Amino acid sequence: MEDEFAFISKITPEETYQKELVRGIGDDAAVYSGADHMEQVVCVDTMVEGVHFRRDTLSPYQIGKKGLAINVSDLAAMGAIPTYYLVSIAIPSSWTEEELTQLYQGMNDLAKTYQMDLVGGDTVSTNDVLVLTVTAIGKVERGRARYRDQAKPGDLIFLTGYAGTSAAGLDLLFEKGFTGPFSREEQILVKSHQEPTPHIAEGRILSTLNKRISLNDVSDGVASEANEIAEASQARLIIERDKLPIHDVMYTYPPEKQLDYALFGGEDFILIGTLPKEDVKEVEAEFLSQGLMLQVIGFVEEGEPGVSLLEENQRNKVEKNGYNHFKKRG
Ligand SMILES: Nc1ncnc2c1ncn2[C@@H]1O[C@H](COP(=O)(O)OP(=O)(O)O)[C@@H](O)[C@H]1O
Ligand SMILES: Cc1ncc(C[n+]2csc(CCOP(=O)(O)OP(=O)(O)O)c2C)c(N)n1
Ligand SMILES: [Mg+2]
Ligand SMILES: [Mg+2]
Ligand SMILES: [Mg+2]
């Protein structure tokens with residue numbers, strides 16, 4: 001890339017979606033107003049080449065799209081409505097302008113779905129790999145944000161989608177390379193890794209129905225996220241093995257492999273949460289009416305905080321394993 005300022009003007013959106021945006025790209029900071037009855041929600045996640053993607057696992061377009069999607073997923077896990085995002089990017093000299101345009105196109109396309117405005121960011125060069133950091137902003141009705149610390153004994157645990165598909169897709173990419181060839185079933189797994197869909201509609205149902213709900217998105221794996229709910233809520237979560245939603249296209253995998261992907265794979269960007277047993281019917285009905293998936297996978301009980309897997313009448317402890325940046329999988 002030749003010119004940082006030319007690049008910034010190229011990526012500046014011509015039109016914006018949010019009527020509360022006062023000043024977007026082009027000044028020292030962005031300015032937006034917000035209604036008093038809403039709370040503002042903000043999060044940031046980074047993707048590093050070699051850690052979160054490789055040139056042979058995601059295309060430039062997919063890197064951008066996923067970089068925004070993983071942040072929108074954290075907004076979904078709060079029950080929020082997405083509004084704005086900021087992008088900080090460290091660009092190695094090996095990246096062409098065309099590839100960067102595609103990366104921004106990936107973000108643009110996802111942002112359009114949620115009417116999110118790009119309101120700022122930072123552009124730097126680096127002698128190392130590409131690093132993409134997206135800050136996402138959203139809003140939620142006062143008091144309706146969904147936290148991890150709301151689980152209580154007697155609640156049921158749910159997932160809003162299939163677990164393990166992303167990790168299975170990543171392994172296929174590692175095995176066969178970016179171009180495959182992949183069977184139709186394998187394509188579904190690969191796509192779920194490359195272009196995850198954040199569960200905003202699901203999060204919105206769970207915040208607007210006024211129930212006591214704990215909520216988290218699955219980035220590091222169901223085992224890890226369930227343990228986070230258990231720790232925050234000081235509760236004991238029991239996952240029933242035969243209730244874990246495994247996608248049909250994974251039925252050819254050995255059962256142990258299916259379970260390993262589902263519990264420890266990560267990057268599914270579905271939601272995991274808990275809700276009172278008596279509210280399940282009503283929440284399920286709302287999910288069903290919107291064509292969305294809600295699968296009960298277990299229950300919360302009295303006892304030492306933690307997670308167990310219930311299979312054949314035995315409870316086996318599920319450690320907080322899964323993706324951990326500073327630890328090898330164990
Ligand atoms: N370097 C950091 N400085 C400050 N806060 C951080 C840092 N890293 C993570 N956090 C905060 O710690 C919490 C857990 O982070 P993380 O596990 O990355 O969440 P998630 O899996 O939802 O992305 C979040 O509140 C996040 O904002
Ligand atoms: C090349 C490559 N290797 C490994 C992975 C697997 N991987 C990388 S990060 C990650 C977990 C999620 O990332 P993290 O930064 O922990 O997200 P957060 O929990 O903060 O949302 C996984 C499963 C990958 N996607 N690509
Ligand atoms: Mg994070
Ligand atoms: Mg999260
Ligand atoms: Mg995250």
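What's counted below: heavy atoms across the whole structure, side chains too, no hydrogens, waters or symmetry copies. This chain uses plain numbering: 1 for the first residue, then up along the sequence. Both counts, for ligands and for their atoms, begin at 1 and track the order of listing. On a predicted model such as this, the values are computed, not experimentally measured, just so you know.
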Nearest protein heavy atom to [atom], by residue and atom, and its distance?
atom                    : result
atom 22 (O) of ligand 1 : D74 OD1, 2.9 Å
atom 17 (O) of ligand 1 : E228 OE2, 4.4 Å
atom 14 (C) of ligand 1 : R148 NH1, 4.8 Å
atom 21 (O) of ligand 1 : S219 OG, 3.4 Å

Practice problem: Check whether the ring centres of F7 and Y104 lie less than 6.0 Å apart, and answer yes or no. | Solution: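 Distance test on ring centres: under 6.0 Å, yes.
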Quiz item: Is there a protein heavy atom less than 4.0 Å away from atom 5 (N) of ligand 1?
Solution: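 Protein heavy atoms within 4.0 Å of atom 5 (N) of ligand 1 - there are none.
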Quiz prompt | Flag: protein heavy atom within less than 4.0 Å of atom 1 (N) of ligand 1 | solution =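 When distances to the protein are checked, atom 1 (N) of ligand 1 has no heavy atom within 4.0 Å.
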Has ligand 1 got any nitrogen or oxygen that is less than 3.5 angstrom from a nitrogen or oxygen of [X]?
X    : value
D45  : yes
E225 : no
D220 : no

Quiz prompt | Side-chain donor or acceptor of Q115 paired with backbone N/O of K112 under 3.5 Å | solution =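 Such a contact is found between Q115 side chain and K112 backbone.
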Quiz item: Short question: side chain of D220, backbone of G266 - any donor-acceptor pair under 3.5 Å?
Solution: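 It does not hold such a pair.
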Quiz item: Of all N/O/S atoms in D217, which lies nearest to the Mg ion (ligand 4)?
Solution: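 Checking each N, O and S atom of D217, the shortest distance to the Mg ion (ligand 4) belongs to OD1.
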Just by distance, no angles: are the side chains of [X] and [Y] close enough, under 3.5 Å, to form a donor-acceptor pair?
X    : Y    : value
R144 : T208 : no
Y32  : D117 : no
Q105 : D109 : yes
T160 : H199 : yes

Quiz item: Is atom CZ of R142 surrounded by more than 12 heavy atoms (other residues, nucleotides or ligands) closer than 6.0 Å?
Solution: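 Result for CZ/R142: enclosed.
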Any salt bridge linking [X] with [Y]? Criterion: basic side-chain nitrogen under 4.0 Å from a carboxylate oxygen.
X    : Y    : result
E99  : R55  : yes
K211 : E278 : no
R241 : E256 : yes

Quiz item: Does M78 reach ligand 1, in the sense of a heavy atom lying below 4.0 Å from it?
Solution: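 No heavy atom of M78 comes that close to ligand 1.
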Quiz item: How many protein N, O or S atoms sit closer than 2.8 Å to the Mg ion (ligand 3)?
Solution: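 Near the Mg ion (ligand 3), the number of protein N, O or S atoms below 2.8 Å is 1.
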